[in-house]
Amino acid sequence: MGEAAAGRKRGRYAATDLKRGLILTAARTIFERDGLDGASLRAIAAEAGYTPAALYFHFDSKEALYAEVLGQSLAALTAFVDAAVAGAATPPQRFRAAALAFFDFYAENPRDLDLGFYLFRGGMRPHGLGRERDRTLNEALEASLAPIRDAARELGANPELADLIMADAFAHASGVLLLAHTRRIRMFGTPPRTLMERHVETELDRLQRGAR
């Protein structure tokens, strides 16, 4: 392939990537406004400045678009958690850093919480995005939580217990975040992060004492 042809090919790839990025940005805007159920490819196309046919060239359905947008969010979450854990020197510090970073990411990015928990018009009614997409996204979520499990293993938990601790941290963080997001937590007069910190320290104390 000649240099000129290679340059044209690179240009086409760059244009495709740009168009895809614009579509994903538009899709996130529409999903944040209307949710998965309320969104339409026509609305996303209008937001992006393209025709619906142009969207079908890149994505075959709004579920595919939602999966891509959510996948980007989960990748950002995992990077955030990994960066926090990288600065921790000991297993207790890594456990604390992983659990609190997971919480902090969603506390600081509530729209990502919306994406992850389908908190849109109509409430939490996730119907799934297709078996393969659901599997991929669940694996991405687990990757963001894995440092909690890994630190628990370092602290002496067996594999089954480490998985339970990871799931427990996810459930606790999710509950507190949802209460904070809906402002129901205000009735208790306790900062949401304090509740998460309390759970983490209690779990860490149990692990270090072998009290499970």
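All values below were derived from every heavy atom in this structure, side-chain atoms included, with hydrogens, water molecules and symmetry-related copies excluded.
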Flag the pair [X] and [Y] as a salt bridge only when some basic side-chain nitrogen lies within less than 4.0 angstrom of an acidic carboxylate oxygen.
X	Y	answer
Arg96	Glu197	no
Arg111	Asp114	yes
Arg133	Asp60	yes

Inset, instruction - Go through Ile23 and Lys19 one step at a time and tell me if the side-chain contact (heavy atoms from CB on, under 4.5 Å) criterion holds. - result: CA-CA 6 Å; Ile23 291 170; Lys19 182 179 288 186; 4.0 Å; yes
Can a donor-acceptor pair be found, under 3.5 Å and without considering hydrogens, that links the side chain of [X] to the backbone of [Y]?
X	Y	value
Thr78	Ala75	no
Thr29	Thr25	yes
Asp112	Tyr106	no
Tyr66	Ala27	no

Closest non-hydrogen atom pair, [X] against [Y]:
X	Y	result
Leu36	Lys62	O-NZ, 2.9 Å
Leu137	Ala67	CD2-O, 3.7 Å
Ala84	Ala97	O-CB, 3.8 Å
Ala169	Met196	O-CE, 3.9 Å
Ala89	Arg94	O-NH1, 3.1 Å
Ser144	Val81	O-CG1, 3.6 Å

How many angstroms lie between [atom1] in [X] and [atom2] in [Y], if you round to the nearest 0.5 Å?
X	Y	atom1	atom2	result
Thr136	Leu70	OG1	CG	11.0 Å
Asp163	Arg149	CG	CZ	5.5 Å
Thr182	Leu177	OG1	CG	10.5 Å
Ile148	Phe170	CD1	CZ	10.0 Å
Gln72	Leu74	CD	CG	10.5 Å
Leu204	Arg209	CG	CZ	10.5 Å

Quick one: are [X] and [Y] in side-chain contact, heavy atoms under 4.5 Å?
X	Y	answer
Ile30	Arg33	yes
Pro147	Phe102	no
Ile165	Leu207	yes

Legend entry - Stepwise side-chain contact (heavy atoms from CB on, under 4.5 Å) test for Thr90 and Glu154: CA-CA 9 Å; Thr90 66; Glu154 289 184 272; over 6 Å; no
Inset, instruction - Might you confirm whether atom CZ of Arg135 has over 12 heavy atoms from other residues, nucleotides or ligands at distances under 6.0 Å? - result: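 More than 12 heavy atoms, drawn from other residues, nucleotides or ligands, come within 6.0 Å of this atom.
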Inset, instruction - Check whether more than 12 heavy atoms from other residues, nucleotides or ligands sit under 6.0 Å from atom CD of Glu139, and answer yes or no. - result: yes
Legend entry - Residue pairs passing the ring pair (Phe, Tyr, Trp, His ring centres under 6.0 Å) test where at least one lies in residues 67-98, sequence neighbours excluded: Phe80-Phe105
Inset, instruction - Report the C-alpha distance between Glu203 and Arg206 in whole Å, list the side-chain angles of each, state the deciding distance to 0.1 Å, and finish with yes or no for side-chain contact (heavy atoms from CB on, under 4.5 Å). - result: CA-CA 5 Å; Glu203 198 67 72; Arg206 288 175 177 170; 4.2 Å; yes
Inset, instruction - Give the ring-plane orientation class for His172 versus His199, where under 30° counts as parallel, over 60° as perpendicular and anything between as tilted. - result: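 Geometry flag for His199 against His172: parallel rings.
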Legend entry - Residue list, salt bridge (Lys or Arg N to Asp or Glu O under 4.0 Å) with Glu68, at least two apart or on another chain: Arg20
Inset, instruction - Let me see the working for Leu195 and Leu179 under side-chain contact (heavy atoms from CB on, under 4.5 Å), right down to the final yes or no. - result: CA-CA 11 Å; Leu195 293 174; Leu179 286 173; over 6 Å; no
Exercise answer: donor-acceptor pairs, residues 39-55 side-chain atoms, under 3.5 Å, sequence neighbours excluded:
residue, atom, partner, partner atom, Å
Ser40, OG, Ala43, N, 3.0
Thr51, OG1, Ala54, N, 3.2

